[in-house]
Amino acid sequence: MTTTQDPANVPPIDDWNHLLAGRTAVVTGGGDGIGGAVSRLFARHGAHVEIAELDPERADRAVADITAAGGSARAHVLDVRDADAVSAFAEAVLAEHPHVSVLVNNVGDYRPLVRFRASGPESWKAMYDTNLFHVFAVTHAFLESMIPGGGGSIVNVHSVEGLRGYPGDPVYGAMKAAVAKFTTDLAVSMGRHGIRVNGIGPDLTHTPQVDYLTGYEDHDHLWSSWAPVGRLGWPEDQARVALFLASDLSSFVTGHNVPVDGGTKAGGGWFFSPTEGRFVNRPKGL
Ligand SMILES: NC(=O)c1ccc[n+]([C@@H]2O[C@H](COP(=O)([O-])OP(=O)(O)OC[C@H]3O[C@@H](n4cnc5c(N)ncnc54)[C@H](O)[C@@H]3O)[C@@H](O)[C@H]2O)c1
């Protein structure tokens, strides 16, 4: 029996190569892109992964890759924007794995991009459905199952655009900010049930949704201006942070939103100018 004063409250990590051994993880949009990397990395770390995926080919490919690597996964083809489909998905998962201890809400999309002045109720609703509604629906469907098994970890993938000013589509930015706020608030309310909730705000990550390569083949030298770390991001960069937040490595971390952005948010309005050899806040040309 431990007390709150007991250092044994820090969960032991028995196998650093299998940080999610014995756990069931649910990943939405877990077939490709950031979600695909999360599914594959979590399975490599011993989790059984239940994937919710719209695209049947991506779903099959993820399960085949995980199985070939010796891991365990099952895919469910569904649209997480559909509340009934989410209920059926949760029922199917919980029938076989009554204690889900990791949930990654990853689905989201800035498309179709509609500028606010040209937008209306239809495009606002579409942004809500694609970026916020399912975060509530899927979280609600699995939350209760986390408690009896001693808790769990929820990781919400939103966007750096929810954490800074985003001129492209303020409605998309607002939905992502809402996911970040939901993350913080749910963390505070569920902490005493052993459930941690954290968020990831990606930027500059090459995926099927966001092609950062096409058309930029001749501009590789400008990465030092575009991101403080000086390179493009990959789904694996996001998945590693998700693994930290999902596992006991972060057992004392909850309610936080981590920009996984190569430093773009931290950089604010500062740009490295290769021509001037220094950081400038008013680039005359890169
Ligand atoms: N890539 C980036 O640089 C970037 C930047 C900011 C935010 N994000 C956010 O990260 C998350 C993942 O982005 P990504 O770039 O990997 O996206 P992606 O479109 O490349 O991959 C999303 C995956 O989810 C699946 N999916 C899409 N809609 C679905 C639905 N309704 N139901 C079930 N599955 C669905 C897709 O088939 C795909 O496998 C999103 O929330 C996105 O907004 C990404």
Side-chain angles (χ1 to χ4, degrees), residues 26-41 49-63 65 73 75-86 88-90 93 103-113 125-138 141 155-164 166 168-169 171-180 182-183 199-214 216 226-227 229 231-239 241-242 257-265:
V26 167
V27 183
T28 71
D32 210 332
I34 292 168
V38 168
S39 300
R40 287 163 173 85
L41 185 62
V49 184
E50 295 274 335
I51 295 170
E53 172 59 57
L54 187 62
D55 181 318
E57 280 179 27
R58 290 174 174 179
D60 286 349
R61 207 179 322 125
V63 172
D65 287 352
H76 308 251
V77 175
L78 72 139
D79 185 337
V80 294
R81 293 170 297 184
D82 175 344
D84 292 339
V86 168
F89 166 60
V93 171
L103 166 61
V104 180
N105 286 307
N106 161 74
V107 166
D109 207 314
Y110 69 95
R111 302 166 300 183
L113 196 159
K125 170 109 178 22
M127 278 297 117
Y128 168 71
D129 288 344
T130 301
N131 292 293
L132 183 56
F133 169 79
H134 63 82
V135 177
F136 299 153
V138 178
V155 181
N156 294 323
V157 182
H158 39 78
S159 172
V160 77
E161 311 305 1
L163 307 172
R164 70 180 179 194
Y166 176 52
D169 175 4
V171 177
Y172 170 82
M175 294 307 142
K176 293 301 195 181
V179 177
F182 175 64
T183 299
I200 286 178
D203 193 14
L204 296 178
T205 302
H206 185 69
T207 64
Q209 182 180 142
V210 197
D211 179 354
Y212 278 105
L213 297 174
T214 308
Y216 283 80
W226 297 334
V229 302
R231 70 165 171 89
L232 173 64
W234 295 91
E236 177 79 11
D237 287 311
Q238 305 293 335
V241 179
N257 291 291
V258 185
V260 185
D261 61 353
T264 54
K265 181 168 184 297

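Each ligand, and each atom within it, is numbered from 1 in the order the structure gives. If you read the sequence from its start, that first residue is 1, and numbering goes on from there.
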Exercise for the section: Please report the C-alpha distance between R81 and D109 in whole Å, then the side-chain angles of each, then the deciding distance to 0.1 Å, and finally whether the salt bridge (Lys or Arg N to Asp or Glu O under 4.0 Å) criterion is met. Expected result: CA-CA 12 Å; R81 293 170 297 184; D109 207 314; over 6 Å; no
Exercise for the section: Specify the closest pair of heavy atoms between W234 and T205, including all atoms of both residues, with the distance to one decimal. Expected result: C-CG2, 3.4 Å
Handout entry: Identity of the nearest option to atom 30 (C) of ligand 1, non-hydrogen atoms only, from D79, I51, I34
Key = D79
Problem - Atoms in ligand 1 flagged as close to N106, the criterion being non-hydrogen separation under 4.0 Å - result: 11 (C), 12 (C), 40 (C), 41 (O)
Exercise for the section: Check ligand 1 against P208 and write out every atom of the ligand that is under 4.0 Å from a heavy-atom position of the residue. Expected result: 20 (O)
Practice task
May I ask you to list the atoms of ligand 1 that are less than 4.0 angstrom from any heavy atom of S159?
Solution key: 6 (C), 7 (C)
Exercise for the section: Heavy-atom contacts with R58 under 4.0 Å: which atoms of ligand 1 show up? List them by number with element. Expected result: 36 (C), 37 (O), 38 (C), 39 (O)
Practice task
Answer with side chain, backbone, both or neither: which part of Y110 has a heavy atom less than 4.0 angstrom from an atom of ligand 1?
Solution key: neither
Handout entry: Shortest non-hydrogen contact between V157 and P202, atoms and distance
Key = CG1-CG, 3.6 Å
Fill in the blank from the handout: Closest heavy-atom approach to atom 34 (N) of ligand 1 among L54, V104, V210, V86 is made by L54
Fill in the blank from the handout: Closest heavy-atom approach to atom 5 (C) of ligand 1 among P235, P259, P202 is made by P202
Practice task
Using modelled atom types only, decide if a donor and an acceptor are shared between the side chain of D203 and the backbone of V160 within a distance under 3.5 Å.
Solution key: no
Fill in the blank from the handout: Taking only non-hydrogen atoms of D109 and a 4.0 Å limit, the atoms of ligand 1 in range are 43 (O)
Problem - SB check R61 D65 (cutoff 4.0 Å) - result: no
Problem - Atoms in ligand 1 flagged as close to G33, the criterion being non-hydrogen separation under 4.0 Å - result: 16 (O)
Exercise for the section: Compare L78, T28, V107 and give the one whose heavy atom is closest to atom 26 (N) of ligand 1. Expected result: V107
Completion exercise
atom 42 (C) of ligand 1: closest protein heavy atom, distance to 0.1 Å, is G108 O, 3.7 Å
Exercise for the section: Measure the distances from the heavy atoms of H158 to every atom of ligand 1 and state whether one is below 4.0 angstrom. Expected result: yes
Handout entry: Protein residue, atom and distance nearest to atom 23 (C) of ligand 1, heavy-atom basis
Key = G29 O, 3.5 Å
Problem - Y172 to ligand 1, any heavy atom closer than 4.0 Å - result: yes
Problem - Check ion pair R164-D261 (N to O, under 4.0 angstrom) - result: no
Exercise for the section: Indicate yes or no: does an N/O atom of E53 lie under 3.5 Å from an N/O atom of ligand 1? Expected result: yes
Handout entry: Close N or O approach (Q209, ligand 1; < 3.5 Å)
Key = yes
Exercise for the section: Please check if the side chain of R40 supplies one atom and the backbone of G31 the other of a donor-acceptor pair under 3.5 Å. Expected result: yes
Problem - Residue, atom name and distance, where the atom is the protein heavy atom closest to atom 15 (O) of ligand 1 - result: T207 OG1, 2.6 Å
Problem - Closest approach of K176 to N131 (non-hydrogen atoms, all atoms of both residues) - result: NZ-OD1, 3.2 Å
Handout entry: Heavy atoms from other residues, nucleotides or ligands near CD of E57 exceed 12 (cutoff 6.0 Å)
Key = no
Fill in the blank from the handout: Heavy-atom closest pair (L54 atom, P56 atom, distance to 0.1 Å) is O-CD, 3.4 Å
Practice task
For ligand 1, find out whether one of its N or O atoms is nearer than 3.5 Å to an N or O atom of T205.
Solution key: yes
Practice task
With heavy atoms of R81 as the reference, note each atom of ligand 1 found under 4.0 Å away.
Solution key: 31 (N)
Completion exercise
When distances are taken from atom 22 (C) of ligand 1, the protein heavy atom at minimum range is D32 O, 4.3 Å
Handout entry: Validation row, ring centre Y212 to ring centre W226 under 6.0 Å
Key = no
Handout entry: Euclidean distance, T28 OG1 relative to F89 CZ, rounded to 0.5 Å
Key = 8.0 Å
Completion exercise
shortest atom 32 (N) of ligand 1-to-protein heavy-atom contact is with V80 N, 3.1 Å
Practice task
Please state whether K176 comes within less than 4.0 angstrom of ligand 1, counting heavy atoms only.
Solution key: yes
Completion exercise
Between A90 and A141, the two heavy atoms sitting closest are CB-CB, 3.7 Å
Exercise for the section: Taking the side chain as every heavy atom from C-beta outward, state whether S39 and E53 have any pair of such atoms under 4.5 Å apart. Expected result: no
Exercise for the section: Enumerate the atoms of ligand 1 whose separation from the nearest heavy atom of V157 is less than 4.0 angstrom. Expected result: 10 (O), 11 (C), 41 (O)
